[in-house]
Amino acid sequence: MAAATQARNTSQFAGEYLNLPVKGGATIFAGTLVALDKNGYALPASKAEELTAAGRAEITSDNCDGADGDVSIQVARGAFKWDNDTANPVTATNVLQDCFMLDDGTVTALATGSSKAGKVLGVDPDGSVIVETR
């Protein structure tokens, strides 16, 4: 493709919601942090390497008895409030920096052995963390 030499009409994809295939054997609960494995299958976020944060589950999706991709899940993209790790908490000094997945409802400041959850937008007085997943 050559560089543009005139204005163009570029389509915009809202990207607020994604429909993703669920990993076989996984159950993802509504309102939890969803990750993708290296093969593109959705599963509950966990402390593991090589995962990609997808967003928040909009529905509960049960693929416990199914194979990879037998069911799908709707995932919202955006900024969401997650619990904060008590052992390695995200703090105000982490604002606009990456935080990492600890489980499907908790983020941590510790990168070791984990995958990125998103950018920290703030830490509430109650200690919960607002994270942008985009």
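For reference, positions follow the sequence shown, starting with 1.
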Residues that S61 engages under side-chain hydrogen bond (donor to acceptor under 3.5 Å, both in side chains), provided they are two or more places apart: none

Provide the closest heavy-atom pair for A54 versus L36 in the form atom of the first, atom of the second, distance. CB-CG, 4.2 Å

Could you list the residues that satisfy side-chain hydrogen bond (donor to acceptor under 3.5 Å, both in side chains) with D98, not counting sequence neighbours? K119

Sorted by first residue and then second, give each side chain to side chain donor-acceptor pair (under 3.5 Å) pair with at least one member in residues 27-46; sequence neighbours left out. T27-D62

Suppose we screen for side-chain hydrogen bond (donor to acceptor under 3.5 Å, both in side chains). Which residues come up paired with T86, at least two apart in sequence or across chains? none

So, for P89 and N84, which heavy atoms are closest and what is the spacing to 0.1 Å? CA-OD1, 3.3 Å

Between N88 (side chain only) and T108 (backbone N and O only), is there a donor and an acceptor less than 3.5 Å apart? no

Looking at every heavy atom in both G69 and P21, which two are closest together, and how far apart are they? CA-CB, 3.8 Å

Hydrophobic cluster mates of L110, side-chain heavy atoms under 4.5 angstrom, ILVMFWY only, any path? none

Please report the closest heavy-atom contact between A53 and A117, naming both atoms and the distance. CB-O, 3.4 Å

Excluding L51, membership of its hydrophobic cluster (Ile, Leu, Val, Met, Phe, Trp, Tyr; side-chain heavy atoms within less than 4.5 Å) reads L33, L43, F80, W82, V90, V95, L96, M101, V107, V120, L121, V123, V129, I130, V131

Quick one: name the residues clustered hydrophobically with F29, using the 4.5 Å side-chain heavy-atom rule over I, L, V, M, F, W, Y, and just say none if it's on its own. none

Sequence neighbours excluded, which residues qualify as side-chain hydrogen bond (donor to acceptor under 3.5 Å, both in side chains) partners of S128? D126

Residue pairs fulfilling salt bridge (charged side-chain N to carboxylate O under 4.0 Å, His left out) with at least one residue in residues 47-60, sequence neighbours excluded: R56-E58

Quick one: does any side-chain atom of S72 pair with a main-chain N or O of N19 as donor and acceptor, under 3.5 Å? no

The reported gap from OH in Y17 to CD in Q74 (rounded to nearest 0.5 angstrom) is 6.5 Å

Quick one: salt bridge (charged side-chain N to carboxylate O under 4.0 Å, His left out) pairs with a partner in residues 81-96, sequence neighbours left out? K81-D124

Could you work out, with salt bridge (Lys or Arg N to Asp or Glu O under 4.0 Å) as the rule, every residue matching D68, not counting sequence neighbours? K23

Enter the distance from D104:CG to I28:CD1 here, rounded to the nearest 0.5 Å. 9.0 Å

Does T91 have any side chain to side chain contact (heavy atoms under 4.5 Å, CB included) partners at least two apart in sequence or in another chain, and if so, which? T93, N94

